[in-house]
**Student:** 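Got a structure here, written out as structure tokens. Questions coming.
Throughout, protein chains are lettered first and strands after them, A, B, ... in sequence-line order, and every chain is numbered starting at 1. Computation of the quantities below employed the complete heavy-atom set of this structure, encompassing side-chain atoms and omitting hydrogens, waters and symmetry-equivalent molecules. All values derive from a computational prediction rather than experimental measurement.
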Amino acid sequence: MATETTDATPFRYNADLAADIESRWQDRWEAEKTFEAPNPAGPLADADALSDRNKLFVLDMFPYPSGVGLHVGHPLGYIGTDVYGRYRRMKGDNVLHSIGYDAFGLPAEQYAIDTGTHPRVRTEQNIANMRRQLRRLGLAHDQRRSVATTDEDYYRWTQWIFLQIFNAWYDAEADKARPISELETEFADGTREVPGGADWNALDGEAKAEILADYRLAYVHEAPVNWCPGLGTVVANEEVTADGRSDRGNYPVFKRNMRQWMMRITSYADRLIDDLDLLDWPESIKTMQRNWIGRSAGARVDFASPVGPITVFTTRPDTLFGATFMVLAPEHPLVDELVTPDQADAVAAYRREAGAKSDVARQVEDRDKTGVFTGATATNPLNGNQIPVWIADYVLMGYGTGAIMAVPSGDQRDFEFARQFGLPIVATQEPPAEWFAERDIDPSLDCDTWPEAFVGEGTYVQSSNDSLTLDGMTEIAEAKAATNAWLEANGHGEGTINYRLRDWLFARQRYWGEPFPIVWDDAGVPHAVPEDQLPVALPPLEDFKPVAADPNDAESEPDLPLGRVTEWANVTLDLGDGPKRYRRDLNVMPQWAGSCWYELRYLDPTNDERFVDRAVEEYWMGPEGEDHPGGVDLYVGGVEHAVLHLLYARFWHKILFDLGHLSSKEPYYRLFNQGYIQAAAYKDAREIYVEAAEVVEEADGSFTHNGEPVTREFGKMGKSLKNAVTPDDMYDEYGADTLRLYEMAMGPFDTSRPWSTRDIVGMYRFLQRIWRNLVDEDTGELTVADDAVANDETMRLLHVTIDGVAGELDNLRFNTAIAKLVELNNHLTKLTAGEGGLPRSVAEPFVLMLAPLVPHLAEELWSKLGHADSLTYEAFPVADPALLVEDSIEYPVQVNGKVRTRITVPADAAPDAIEALALADERVQEFVDGAPKKVIVVPGRLVNIVA
RNA sequence: GCCCGGGUGGCGGAACGGCAGACGCGGUGGACUCAAAAUCCACUGUCCGAAAGGGCGUGUGGGUUCGAAUCCCACCCCGGGCACCA
């Protein structure tokens with residue numbers, strides 16, 4: 001280990017010297033405010049410093065200050081953004097880079113409960129500890145801009161934004177959010193009809209409030225929600241896993257109706273999908289968001305029934321002639337009216353059964369279709385057929401209208417259901433011959449012979465009535481359009497678009513979150529707390545714990561911790577009509593609230609007039625050109641936030657944009673997902689994890705722990721797998737620069753890879769060799785020769801390296817940038833081995849190229865080279881194009897695609913000359929008998945001779 | 001089941017359709033040393049060969065091309081997302 005070696009050389013670059021250099025430079029950067037980025041206006045303004053520099057906003061997904069501290073997997077992204085930010089500073093940009101803390105929410109609260117300390121205290125300790133750990137990495141952050149979501153000065157504005165949303169509605173015609181006051185004006189002056197046809201001015205406050213609630217983008221609604229007794233709170237759809245458990249804590253989650261705060265994110269579904277096209281994001285993340293929103297075009301169709309129309313949504317209106325039955329979700333509100341007396345018992349029993357089944361059970365059971373006939377029939381609007389109406393749990397109340405038309409010939413689920421219950425199956429499309437051939441059956445329109453439904457393009461058959469004929473059509477789009485037109489013309493439905501996305505459940509029944517800036521009056525009408533009374537501070541509360549409910553008790557009731565602070569919960573306010581008593585809303589916001597806008601607060605962290613100054617926002621995030629909606633220039637974080645945070649933040653940003661508070665349509669222009677650092681974990685014979693650090697690799701490649709054989713697997717680094725490696729250990733053994741460099745060198749920035757403490761020594765040696773090439777290890781004196789002239793080969797390699805490294809850093813390819821620097825250094829090592837010092841003309845650009853990656857070491861060398869100032873704003877070296885071209889080029893010569901020899905040719909040789917030289921070569925002659933069939937000369941690349 | 005990624009030495013990984021394996025780890029040999037560590041130098045895909053050199057090699061099988069890790073088709077395996085979404 002580095003710290004244990006007894007170095008005879010007192011100035012060798014080792015962990016102790018690195019620690020000394022690193023802490024000195026960290027102190028100096030802090031004292032000199034090196035990384036403070038000037039704003040165009042406000043308290044952080046500095047017009048001179050702004051002049052003629054491009055701005056660059058680099059952002060990391062900010063961390064939860066969790067308290068267990070960092071392991072080496074955490075800072076990977078932060079190091080990457082730091083390297084990029086430092087590089088771009090040297091390229092002349094005004095770089096904004098900072099980091100804040102996402103400190104509200106369940107994890108922080110849960111941790112506080114586990115350790116028995118108040119979340120406020122715990123959170124502050126954790127933030128302090130994380131700041132220390134991150135500072136030790138030498139990240140070039142503007143500390144003035146670091147905010148925590150739990151700061152009152154911060155959540156004051158989170159509450160303000162909430163009120164903006166509460167006091168806004170979505171104008172579908174204008175396709176944007178507008179202030180609710182404008183809607184009231186339109187109702188009052190009659191430009192917009194009041195739903196229900198009432199005279200707005202004649203309505204009382206309560207009635208008005210009720211109508212407005214249907215428009216507000218934040219509203220309280222009785223709806224099926226995900227109740228999680230184990231966490232004592234409801235959670236959002238996005239926070240429920242596929243097997244019906246909570247994302248956090250893995251407790252069972254139950255669907256049940258509750259009155260809850262919702263956000264009307266569905267109003268933005270189209271724009272959230274469409275604007276993805278403007279963003280420079282990984283295609284996979286865009287796809288995940290598109291799928292999550294789940295836009296599908298189709299039609300709404302009304303089926304007449306004895307109790308009125310039953311409306312269904314279908315993506316295949318073109319198959320409507322083949323609808324032979326209908327299926328409603330068991331919870332569908334029309335079921336009670338539809339059911340006939342003789343079927344009442346069966347239907348009631350089925351509904352009971354379906355209701356008792358948790359989501360988990362519904363999914364775990366295999367997919368055998370179940371269902372029961374209601375006894376009622378409905379009318380297929382196209383052919384007038386009476387078709388039976390069933391209920392079945394494969395139809396979900398939460399999607400579409402909770403009812404479907406079943407076309408068993410064209411939908412596999414309907415097909416299975418029809419087979420199960422002997423319902424008719426009628427073909428509306430004739431499958432192509434291959435379809436039958438692949439299934440080894442004779443072509444037939446008799447669906448009884450089909451093994452499954454046919455989904456695809458086929459010729460329409462049996463699809464005509466008096467006024468609509470699809471027969472003979474071959475394209476789905478054409479048939480859909482024709483059907484939709486007919487439905488609309490005949491008043492049976494219309495083309496429509498349906499979304500999988502539901503409104504966002506926005507309240508949590510916990511303590512550690514932003515209180516809602518809402519009070520309730522006696523009539524049950526919510527009122528906004530006036531802006532000048534923000535923040536609504538979270539009251540101190542000793543007993544903040546949620547009441548521990550039985551995690552499996554679906555019927556348990558939420559217990560609101562804020563309700564325990566009675567003197568806080570009940571307030572007297574004057575909202576314009578004299579002082580009155582109100583009851584505060586006792587919910588808190590979900591953790592996502594704070595992370596929906598934090599990047600904006602970095603821009604203007606001390607502003608107490610606005611959440612962000614408009615000019616400041618426009619400078620850092622304004623749109624740039626036609627297809628560039630503005631936003632953060634580079635946003636780096638884990639792929640796990642693909643749909644949650646990234647969707648919610650886009651939604652809030654768009655509302656604020658619509659209301660005129662922002663110039664940018666989108667918060668994050670370019671998104672990059674860094675990979676994860678994984679680590680080997682080891683289990684013993686009892687399947688229990690053992691300390692990975694204590695495992696020994698045996699000569700035969702097997703692994704043992706205390707002599708006992710163990711098995712290896714790879715997983716996320718952390719406590720539970722007992723495989724965490726802390727940055728602190730790496731600082732002690734190698735220093736921060738080595739850790740930074742190793743993390744960047746391990747592999748491409750966007751792929752996950754296993755940590756290997758054994759390999760880190762390679763980068764440590766690299767830094768030692770750099771040091772030795774520039775500094776005398778015995779005296780600590782610089783060995784650089786001021787007037788020495790580098791040979792041609794060295795100058796050429798230097799400039800090729802400059803060119804290469806810049807290109808790699810531009811594209812966040814840190815691993816290959818490092819490889820090029822190692823190559824250069826290996827060459828310099830050979831150079832210095834013979835004669836004396838490295839020429840200054842080589843040493844200086846080399847040190848500058850190293851600076852983004854290993855800033856402490858580079859600063860130290862730069863200073864030894866005689867420069868008084870930090871190199872942070874030194875220009876990154878620029879390659880001399882003249883030195884990038886060689887005088888002569890070595891061409892590999894292939895015969896029939898195999899390299900047989902090499903020839904050296906002047907760089908400016910003509911293809912004919914190269915061909916002649918190649919053919920004249922002795923080795924080539926051995927393989928080529930007589931005249932070659934063909935010769936390919938690729939200038940600058942190679943020669944291939946086809947014999 | 002559907003939709004995305006990805007399979008290259010002992011390991012992490014490089015390769016605008018143009019010399020496969022850059023760079024690092026590990027390994028082997030050498031120099032220095034009384035010795036060791038550290039450092040420096042050389043070698044290190046695999047098979048045949050004393051060497052020169054040659055054969056084979058990027059998950060599998062086909063194809064396009066003068067030339068394929070790279071492009072196309074089919075399949076296998078691994079990772080991730082979604083999943084009775086009408």
**Student:** Applying side-chain hydrogen bond (donor to acceptor under 3.5 Å, both in side chains), name anything that partners A:Tyr399, two or more places apart in sequence or on another chain.
**Tutor:** A:Ser296, A:Asn498
**Student:** Remember a base hit wins even if backbone is also touched, and classify A:Arg900 as base, sugar-phosphate or nothing at under 4.0 Å, heavy atoms.
**Tutor:** sugar-phosphate
**Student:** What's the closest nucleotide to the side chain of A:Asn815 if the choices are B:C82, B:A22, B:A14?
**Tutor:** B:A14
**Student:** Categorize A:Asn826 for me: base, sugar-phosphate, or nothing, with a 4.0 angstrom heavy-atom threshold over every strand shown.
**Tutor:** sugar-phosphate
**Student:** Would you classify A:Lys898 as touching base, sugar-phosphate or nothing, given that sugar-phosphate means primed atoms plus P, OP1 and OP2, and contacts are heavy atoms under 4.0 Å?
**Tutor:** sugar-phosphate
**Student:** Please state how far atom NZ in A:Lys830 lies from atom P in B:U39, giving the value in whole angstrom units.
**Tutor:**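 Distance, rounded to whole Å: 16 Å.
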**Student:** Any stems for RNA chain B, made of 3 or more Watson-Crick or G-U pairs in a row, each with both distances under 3.5 Å?
**Tutor:**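 Stem list for RNA chain B: B:1-7 with B:76-82, B:10-12 with B:23-25, B:26-31 with B:39-44, B:45-48 with B:53-56, B:59-63 with B:71-75.
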**Student:** Using the salt bridge (charged side-chain N to carboxylate O under 4.0 Å, His left out) rule, collect all pairs that involve residues 739-756 of chain A, keeping only residues at least two apart or in two chains.
**Tutor:** A:Asp82-A:Arg740
**Student:** Determine the Euclidean distance between corresponding C1' atoms of B:A42 and B:C16; express it in Å to zero decimal places.
**Tutor:** 33 Å
**Student:** Checking all strands, does A:Ser752 fall into the base, sugar-phosphate, or nothing category for heavy-atom contacts under 4.0 angstrom?
**Tutor:**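 Answer is sugar-phosphate: A:Ser752 comes under 4.0 Å of backbone atoms only.
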**Student:** Between A:Thr319 and A:Asp411, is there a side-chain heavy-atom distance shorter than 4.5 Å?
**Tutor:**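 No, too far: nothing below the 4.5 Å cut-off.
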**Student:** Determine if the base of B:G9 is syn or anti; take syn to mean the glycosidic torsion is within 90° of 0.
**Tutor:**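 Classified syn.
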**Student:** What about A:Arg941, does its side chain sit under 3.5 Å from the base of B:C19 through a donor-acceptor pair?
**Tutor:** no
**Student:** Restricting to ring pair (Phe, Tyr, Trp, His ring centres under 6.0 Å), what partner residues turn up for A:Trp281, sequence neighbours left out?
**Tutor:**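 In terms of ring pair (Phe, Tyr, Trp, His ring centres under 6.0 Å), with neighbours along the sequence ignored, A:Trp281 is linked to no residue.
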**Student:** Are OP1 or OP2 of B:C40 and a side-chain N or O of A:Arg769 less than 4.0 angstrom apart?
**Tutor:**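 True: A:Arg769 side-chain N/O within range (under 4.0 Å) of B:C40 OP1/OP2.
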**Student:** Distance check, C1' atoms only: B:G49 and B:C56, in whole angstrom units.
**Tutor:** 15 Å
**Student:** Could you point out which residue of A:Tyr764, A:Trp755, A:Tyr734, A:Phe814 forms a ring-ring contact (aromatic ring centres under 6.0 Å, His included) with A:Tyr742?
**Tutor:** A:Trp755
**Student:** Roughly how many Å apart are B:G5 and B:C73, using the P atom of each and rounding to a whole number?
**Tutor:**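 Between the two P atoms, the distance is 13 Å.
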**Student:** Identify whether any heavy atom of A:Phe415 sits under 4.0 Å from a base atom; if not, whether one sits that close to sugar-phosphate; answer base, sugar-phosphate or nothing.
**Tutor:** nothing
**Student:** Mark yes or no for a side-chain to base donor-acceptor pair under 3.5 Å between A:Lys369 and B:C84, with no hydrogen or angle criteria applied.
**Tutor:** yes
**Student:** Looking at B:C19, B:A86, B:C40, which one has an atom nearest to any side-chain atom of A:Thr829?
**Tutor:** B:C40
**Student:** Of all residues at least two apart in sequence or in a different chain, which pass the salt bridge (Lys or Arg N to Asp or Glu O under 4.0 Å) check with A:Glu452?
**Tutor:**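 Scan of A:Glu452 (salt bridge (Lys or Arg N to Asp or Glu O under 4.0 Å), adjacent residues dropped) gives A:Arg439.
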**Student:** Side chains of A:Thr816 and A:Glu808: any donor to acceptor distance under 3.5 Å?
**Tutor:** yes
**Student:** Please measure how far the C1' atom in B:A22 lies from the corresponding atom in B:G13, and state the result in whole Å.
**Tutor:** 10 Å
**Student:** How about A:Trp390 and A:Phe325: are their ring centroids closer than 6.0 Å?
**Tutor:** no
**Student:** Just compare B:A83, B:G24, B:C40 and give me whichever is closest to any side-chain atom of A:Val822.
**Tutor:** B:G24
**Student:** Rounded off to whole Å, could you give me the CD-to-P distance for the A:Gln289 and B:C82 pair?
**Tutor:** 13 Å
**Student:** With a 4.0 Å limit, can you tell me whether A:Arg765 has a side-chain N or O closer than that to the phosphate oxygens OP1/OP2 of B:C25?
**Tutor:**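 Yes.
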**Student:** Let me have a per-nucleotide readout for nucleotides 5-11 of chain B, 5' to 3', with B, S or -, counting only protein heavy atoms under 4.0 Å.
**Tutor:** -----B-
**Student:** B:C40, B:C84, B:C19: which one has an atom nearest the side-chain heavy atoms of A:Arg902?
**Tutor:**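 Between B:C40, B:C84, B:C19, the one nearest the side chain of A:Arg902 would be B:C19.
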**Student:** Tell me yes or no: between the side chains of A:Asn291 and A:Arg500, is some donor less than 3.5 Å from an acceptor?
**Tutor:**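 There is no such pair (donor and acceptor under 3.5 Å, judged by atom type) between the side chains of A:Asn291 and A:Arg500.
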**Student:** Flag yes if more than 12 heavy atoms outside A:Glu922 fall under 6.0 Å of its CD atom; otherwise flag no.
**Tutor:** no
**Student:** Dump the pairs, protein N or O against N or O of nucleotides 72-74 of chain B, anything under 3.5 Å, distances to one decimal.
**Tutor:**
none

**Student:** Roughly how far, to the nearest 0.5 Å, is CG of A:Asp414 from CG of A:Leu423?
**Tutor:**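 If I round to the nearest 0.5 Å, the distance is 10.0 Å.
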**Student:** Quote, to the nearest angstrom, the C1' distance that separates B:G7 from B:U60.
**Tutor:** 12 Å
**Student:** Which whole number of Å gives the distance between the C1' atom of B:A37 and that of B:C43?
**Tutor:** 23 Å
**Student:** Any side-chain N or O of A:Arg290 less than 4.0 Å from the OP1 or OP2 oxygen of B:C4?
**Tutor:**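 For A:Arg290, the contact criterion (side-chain N or O under 4.0 Å from OP1 or OP2 of B:C4) is not met.
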**Student:** How many Å lie between CZ on A:Arg500 and P on B:C82, as a whole number?
**Tutor:** 8 Å
**Student:** So what does A:Arg923 touch, heavy atoms closer than 4.0 Å: a base, only the sugar-phosphate, or nothing?
**Tutor:** sugar-phosphate
**Student:** Using the C1' atom on both, measure B:C66 against B:C75 and round to a whole Å.
**Tutor:**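 To the nearest whole Å, 29 Å.
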**Student:** Is A:Thr816 close enough to B:C23 that one of its side-chain N or O atoms is under 4.0 Å from OP1 or OP2 there?
**Tutor:**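 Looking at the OP1 and OP2 atoms of B:C23, neither is under 4.0 Å from any side-chain N or O of A:Thr816.
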**Student:** Would a distance-only check, ignoring hydrogens and angles, find a side-chain to backbone donor-acceptor pair under 3.5 Å from A:Asp921 to A:Leu917?
**Tutor:**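 No: the side chain of A:Asp921 does not pair with the backbone of A:Leu917.
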**Student:** Scan for salt bridge (charged side-chain N to carboxylate O under 4.0 Å, His left out) pairs involving residues 281-291 of chain A, sequence neighbours excluded, and state none if there are none.
**Tutor:** A:Asp277-A:Arg290, A:Glu283-A:Arg290
**Student:** A:Thr315 near the nucleic acid: base, sugar-phosphate alone, or nothing, with a heavy-atom cut-off under 4.0 Å?
**Tutor:**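 Contact class for A:Thr315: sugar-phosphate only.
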**Student:** Under 3.5 Å, is there a donor-acceptor pair between the A:Gln420 and A:Glu416 side chains?
**Tutor:** no
**Student:** From the options B:A42, B:A83, B:G13, select the nucleotide whose nearest atom is closest to the side chain of A:Pro748.
**Tutor:** B:G13
**Student:** Considering only residues two or more places apart or on different chains, which pairs with a residue in residues 314-329 of chain A satisfy salt bridge (charged side-chain N to carboxylate O under 4.0 Å, His left out)?
**Tutor:** A:Arg316-A:Asp318
**Student:** If you only use heavy atoms from C-beta on, which nucleotide in B:G13, B:A86, B:G18 is closest to the side chain of A:Val395?
**Tutor:** B:A86
**Student:** Quick one: do the A:Tyr682 and A:Asn723 side chains pair a donor with an acceptor below 3.5 Å?
**Tutor:**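 Side-chain D/A pair, A:Tyr682 to A:Asn723: absent.
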**Student:** Contacts to RNA chain B from residues 397-409 of chain A, heavy-atom cutoff under 4.0 Å, which residues?
**Tutor:**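 RNA chain B contact set from residues 397-409 of chain A: A:Tyr399, A:Ile404.
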**Student:** How far does the C1' atom of B:A68 sit from the matching atom of B:A83, given to the nearest Å?
**Tutor:** 37 Å
**Student:** Spell out, as yes or no, whether a donor-acceptor pair under 3.5 Å connects the side chain of A:Lys369 to the backbone of A:Phe415.
**Tutor:**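 Side chain of A:Lys369 to backbone of A:Phe415, a donor-acceptor pair under 3.5 Å: no, none is there.
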**Student:** Show each protein N/O and nucleotides 64-66 of chain B N/O combination with a separation under 3.5 Å, one pair to a line.
**Tutor:**
| residue | atom | partner | partner atom | Å |
| --- | --- | --- | --- | --- |
| B:C66 | O2' | A:Asn944 | ND2 | 3.4 |
| B:C66 | O2 | A:Asn944 | ND2 | 2.7 |

**Student:** Report, one line per pair, each donor and acceptor closer than 3.5 Å where one atom sits in a side chain of residues 893-903 of chain A; sequence neighbours left out.
**Tutor:**
| residue | atom | partner | partner atom | Å |
| --- | --- | --- | --- | --- |
| A:Asn896 | OD1 | A:Ala947 | N | 3.0 |

**Student:** So, is A:Asn291 near the phosphate of B:G81, with a side-chain N or O under 4.0 Å from OP1 or OP2?
**Tutor:**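 A:Asn291 to B:G81 OP1/OP2: no side-chain N or O under 4.0 Å.
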**Student:** With a 3.5 Å cut-off and no angle check, do the side chains of A:Thr829 and A:Arg769 form a donor-acceptor pair?
**Tutor:**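 Note: A:Thr829 and A:Arg769 side chains miss the donor-acceptor criterion.
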